[in-house]
Amino acid sequence: MTSPDPPVNARGRATGPEVVVVDQPFTAGDLYSLRAAVVAHASSLGAPPVQAERLLIVASELATNAIRHGGGSGRLRLWRHHTRLHLEVSDHGPGLADPTVGSKPPGPMAAGGRGMWICRQLADDLHVINGPAGTTITATLDLGSPHPHPDDRDAAT
């Protein structure tokens, strides 16, 4: 699904002339098609296979969190701006009590938090915005980084 409207910042202002190539609401029954859309469009936006895989894992984790903790549904948007892919997942849930969740690895006995930790490890940047209408998380992957993600270097050898 293609949307001509550009992404907006927390104040609702357009952030650039980008075209959102995926703009898809989802529920639990839509996860397979959502993942397929993310992979197909990541490739068409220039993501090499390893980064497309990273983006797929981040999208899966964030969408699953939106379903489990954000009211059972959400919305995923994907676009490219210069050398960066942006993946935004929003929901209408109560928000994250701790927007820095996942900044540190969860302990071995922790009941949760692994998904956000994984997302923070795979994304080059991750922003959480809690608002009255829910939570929006934007993950960014840099396609033009002169210093690839350590996991990408390992996969290339």
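What's counted below: heavy atoms across the whole structure, side chains too, no hydrogens, waters or symmetry copies. Numbers here are sequence positions counted from 1.
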If I compare all heavy atoms of [X] with all of [Y], which pair ends up nearest, and what's the gap?
X: Val22; Y: Ala37; answer: CG2-O, 4.2 Å
X: Leu126; Y: Cys119; answer: CD1-CB, 3.8 Å
X: Gly112; Y: Pro106; answer: O-CB, 3.8 Å
X: Ser73; Y: Asp91; answer: O-CB, 3.5 Å
X: Val128; Y: Pro99; answer: CG2-O, 3.6 Å
X: Asp142; Y: Asp124; answer: N-OD2, 2.6 Å

How far does CG of Leu143 sit from CG of Leu45, to the nearest 0.5 angstrom? 8.0 Å
Met116 side, atom CE; Gln121 side, atom CD - distance, nearest 0.5 Å: 11.5 Å
Quick check: do [X] and [Y] have side-chain heavy atoms less than 4.5 Å from each other?
X: Thr136; Y: Arg75; answer: no
X: Leu56; Y: Arg35; answer: yes
X: Glu61; Y: Leu122; answer: no
X: Glu88; Y: Ile137; answer: no
X: Val38; Y: Leu55; answer: yes
X: Ser90; Y: Thr135; answer: no

Across all chains, not counting sequence neighbours, the side-chain contact (heavy atoms from CB on, under 4.5 Å) partners of Leu34 are Gln24, Phe26, Leu31, Ala63, Leu76
Of all residues at least two apart in sequence or in a different chain, which pass the side-chain contact (heavy atoms from CB on, under 4.5 Å) check with Ser44? His41
Under the side chain to side chain donor-acceptor pair (under 3.5 Å) test, residues paired with [X] that sit two or more places apart:
X: Arg80; result: none
X: Thr64; result: none
X: His69; result: none
X: Ser33; result: none

For Leu87 and Val58, what are the C-alpha separation, side-chain angles and deciding distance, and is it a side-chain contact (heavy atoms from CB on, under 4.5 Å)? CA-CA 8 Å; Leu87 176 95; Val58 170; 3.9 Å; yes
Once you measure the plane-to-plane angle for Trp79 and His86, does it fall in the parallel (<30°), tilted (30-60°) or perpendicular (>60°) bin? parallel
I'd like to know whether CZ of Arg68 has more than 12 heavy-atom contacts from other residues, nucleotides or ligands below 6.0 angstrom. no
If we ignore hydrogens and angles and just use 3.5 Å, is the side chain of [X] paired with the main-chain N or O of [Y] as donor and acceptor?
X: Asn130; Y: Leu96; value: yes
X: Ser43; Y: Val39; value: yes
X: Asp30; Y: Thr27; value: yes

